[in-house]
Amino acid sequence: MCGIVGYLGDREAYPILIKGLHRLEYRGYDSAGVALVNAAKNLNVYKAKGKVAELEEFAISKDVSGTIGIAHTRWATHGEPNNVNAHPHYSQSENLALIHNGIIENYSVLKAMLIEKGFTFSSSTDTEVLIQLIEYIKNTNNCDLFEAVQIALNEVVGAYAIAVIEKGNPDQIIAARKSSPLVVGIGENEFFLASDATPIVEYTNKVVYLEDEEIAILRRGEELKVVDLKNVQKTHAIHSLELNLAQLEKGGYDHFMIKEIFEQPKTIIDCTRGRINVEGTSVSLSGVIDNKEKFLNARRIIIVACGTSWHAGLIGEHLIEDLCRIPVEVEYASEFRYRKPVIYSDDVVIALSQSGETADTLAAIELAKSQGAFIYGICNAVGSSIPRTTHSGSYIHVGPEIGVASTKAFTGQVTVLTMLALTIAKEKGSITEEKFLETVKELGEIPAKIGRILTQNDDIRRFSRIFTYAKNFIYLGRGYNYPSALEGALKLKEISYIHAEGYPAAEMKHGPIALIDNEMPVVVIATQNGMYDKVISNIQEVKARGGKVIAIVTDGDETVKNLADYYIAVPPTLECLDALLTSIPLQLLAYHIAVSKGRDVDQPRNLAKSVTVE
Ligand code: G6P
């Protein structure tokens with residue numbers, strides 16, 4: 001949420017900052033801005049409402065020279081998206097400029113104090129309060145910028161990743177983090193700064209992930225120095241990035257989302273590589289094996305997550321209860337963290353998160369940790385905060401996901417949860433050898449089966465256009481396909497702005513059936529698994545009321561094909577793996593409807609990829 005980029009080195013900073021902002025635009029895209037110190041040591045700030053392209057347009061005739069700069073793309077929290085509220089923010093004297101990701105919770109108290117001291121404010125942001133506070137401290141204590149930042153951050157309550165530069169000093173960036181990620185890239189005589197590694201990867205693969213309450217001092221010609229809020233100098237490990245540039249480009253597709261949908265046969269193979277053996281007879285997640293006793297003795301497994309990851313968690317609940325016979329609860333992290341949950345020291349908490357940075361999920365982890373539970377993270381972004389704070393975990397290894405609507409991360413999470421359940425079940429003896437082998441083998445077939453579904457992309461695109469008129473959609477599914485229905489509905493509303501509700505099919509008669517008329521499209525997941533006959537009855541109920549049925553059917557199922565107005569076929573698979581297939585046509589359906597409606601599919605309004613505020 002919000003993107004931060006910084007550069008200090010021998011090159012011109014502006015092109016690097018703009019390119020970096022484009023790479024980070026998926027984190028927020030309400031407004032953007034840049035601050036540079038030029039050769040004359042002037043501090044120039046340019047900002048524009050809207051996307052990074054608007055900023056570039058605005059800056060065309062401006063002085064954008066300088067080999068040091070900071071830049072920001074915003075997802076508004078305090079204050080509407082406009083030029084004034086965009087970052088960077090100047091201090092009162094315009095000698096300092098700050099970019100900030102996060103929320104300063106005590107900003108109103110600090111603002112009142114600063115107003116009393118004669119400071120005036122032009123924006124309604126919490127960020128402007130922080131830079132004014134830093135300037136106030138710098139002036140009253142007569143100290144340098146680093147010290148002023150350190151003192152100010154000791155007074156601040158909330159979350160932040162910040163970068164500050166000052167007029168007259170083209171040789172220094174001060175940066176700091178708490179509960180909001182910040183990465184320093186280390187090149188030859190140059191530093192890069194970013195809220196994730198994507199803007200850095202084309203320049204260097206050496207990075208340092210800052211920890212909470214650490215301040216980084218980036219000085220020209222000097223080594224990186226990291227000091228904490230209590231002024232203790234910290235050692236910092238230099239990590240090697242595994243990202244490559246091609247993963248961050250669209251590769252000929254119109255949008256990242258469709259590229260990522262089409263990547264799924266490969267990403268599932270990447271996810272299972274080294275975990276399922278070549279013969280397809282064994283599966284093992286090392287994080288689970290290393291902590292076998294924790295899982296085998298777990299009183300309960302609690303899954304905490306948000307958004308799409310929460311839907312993957314619901315499938316995890318089915319898998320673990322079905323295969324391992326361990327009770328599972330799935331919680332919205334945002335609710336869990338505030339509702340005084342009962343947590344036992346023999347509970348295992350699984351935190352699911354694509355970004356590894358979601359503020360609510362991180363807070364839920366801290367709560368469970370403080371009560372002695374064992375925390376297992378399942379994340380995509382390598383080196384992000386959740387994998388660094390959990391006791392153990394597994395990466396899903398699907399590569400960077402740039403489209404704001406999650407697709408390949410969802411199937412990656414479900415794949416890891418499947419392998420986790422199989423690993424525990426095998427160790428626990430709660431699965432027969434026959435069922436184990438059958439499931440592992442079938443998991444190995446999933447990538448090819450997804451490939452077969454993707455061949456229907458053109459047909460789906462054609463009939464999707466018909467539904468651009470719709471104002472509402474209902475998605476129905478049962479068992480493993482109920483979370484798949486929820487996820488399908490979420491995909492549609494996120495990117496097309498059509499209201500969509502996912503429901504357990506049998507619950508339809510308890511309410512949503514009242515909505516059905518001849519304008520209501522109803523997506524029914526009706527594959528030939530456990531609940532097949534019952535779901536057919538639901539289709540009949542929809543048809544009897546004039547609803548338009550789009551059915552997800554098993555290949556060769558003529559009964560449902562004949563009943564439905566439109567259908568998309570998926571290959572047969574085991575019930576416990578069904579959602580890995582049924583989610584794919586729903587991703588394509590949402591994508592094509594949104595494209596037909598002319599929506600900004602990769603950057604839908606009001607959303608952000610990584611939600612680092614609560
Ligand atoms: C945001 C994203 C969703 C994502 C959710 C949870 O809302 O737009 O796509 O599912 O956050 O994110 P996480 O990174 O924790 O999976």
Side-chain angles (χ1 to χ4, degrees), residues 1-3 24-30 75 77 179-181 195-196 198 255-257 260-261 303-316 330-337 349-366 375-390 393-396 398-417 483-484 486-497 502 583 586-587 590-591 594 599-614:
M1 192 159 267
C2 300
L24 287 177
E25 218 171 7
Y26 71 93
R27 298 178 73 96
Y29 30 83
D30 294 340
W75 187 90
T77 55
S179 306
S180 195
S195 36
D196 68 44
T198 51
H255 298 99
F256 281 108
M257 182 177 176
E260 288 159 4
I261 292 173
I303 301 179
V304 291
C306 304
T308 289
S309 298
W310 185 79
H311 294 155
L314 292 177
I315 297 171
V330 187
E331 300 261 5
Y332 284 116
S334 54
E335 289 297 311
F336 181 79
R337 64 181 289 193
V349 171
I350 298 179
L352 276 179
S353 174
Q354 187 287 127
S355 63
E357 300 292 353
T358 303
D360 284 319
T361 310
L362 273 162
I365 291 171
E366 289 313 320
I375 321 286
Y376 197 85
I378 298 179
C379 295
N380 189 34
V382 176
S384 56
S385 300
I386 292 177
R388 287 185 293 130
T389 191
T390 44
S394 307
Y395 282 115
I396 61 174
V398 300
E401 191 180 63
I402 313 282
V404 165
S406 184
T407 52
K408 63 176 180 174
F410 174 76
T411 48
Q413 288 168 333
V414 175
T415 304
V416 165
L417 286 163
S484 187
L486 291 177
E487 175 57 12
L490 178 66
K491 284 291 82 76
L492 186 71
K493 65 187 140 193
E494 282 179 315
I495 59 171
S496 73
Y497 320 146
S583 55
L586 303 186
Q587 295 169 353
Y591 173 78
R599 302 303 192 208
D600 189 347
V601 172
D602 282 337
Q603 292 169 357
R605 71 181 180 205
N606 304 339
L607 298 179
K609 182 84 190 147
S610 173
V611 182
T612 52
V613 294
E614 63 169 293

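Hydrogens, waters and symmetry mates are skipped; everything else that's a heavy atom, side chains included, is used. Everything numeric here is computed off the predicted structure, so don't read it as measured data. Indexing begins at 1, ligand by ligand and atom by atom, following the structure's order.
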Closest approach of any protein heavy atom to [atom], naming residue and atom:
atom	answer
atom 16 (O) of ligand 1	Ser309 OG, 2.5 Å
atom 7 (O) of ligand 1	Val611 CG2, 3.9 Å
atom 15 (O) of ligand 1	Thr358 OG1, 2.4 Å
atom 6 (C) of ligand 1	Cys306 O, 3.4 Å
atom 9 (O) of ligand 1	Val404 O, 3.3 Å

Checklist entry - Is there a heavy atom of Ala405 sitting under 4.0 angstrom from any atom of ligand 1? => result no
Checklist entry - Does Leu607 have a non-hydrogen atom less than 4.0 Å from ligand 1? => result no
Item to check | Face-on cation placement of Arg605 at Tyr497 ring, 6.0 Å and 45° thresholds | outcome: yes
Checklist entry - Aromatic rings Tyr591 and His255: how do their planes relate, parallel, tilted or perpendicular, breaks at 30° and 60°? => result perpendicular
Just heavy atoms, cut-off under 4.0 Å: does [X] contact ligand 1 by side chain, backbone, both, or neither?
X	value
Glu357	neither
Ala608	backbone
Thr308	both

Checklist entry - side chain to side chain donor-acceptor pair (under 3.5 Å) with Thr308: which of Glu494, Gln354, Lys491? => result Lys491
Next on the checklist: Counting only nitrogen or oxygen atoms and a 3.5 angstrom limit, does Ser355 reach ligand 1?
Outcome noted: yes
Checklist entry - Considering only heavy atoms of Ser353, which atoms of ligand 1 have at least one such atom less than 4.0 Å away? => result 13 (P), 14 (O), 15 (O), 16 (O)
Item to check | Glu487 and Ser406 side chains, donor-acceptor separation under 3.5 Å | outcome: no
Checklist entry - Going by atom types alone, do Glu357 and Ser385 pair a side-chain donor with an acceptor below 3.5 Å? => result yes
Item to check | Lys/Arg-Asp/Glu bridge criterion (N-O < 4.0 Å) met for Asp360, Arg337 | outcome: yes
Item to check | Stepwise side chain to side chain contact (heavy atoms under 4.5 Å, CB included) test for Leu352 and Val304 | outcome: CA-CA 6 Å; Leu352 276 179; Val304 291; over 6 Å; no
Item to check | Residues in salt bridge (Lys or Arg N to Asp or Glu O under 4.0 Å) contact with Glu401, at least two apart in sequence or another chain | outcome: Lys609
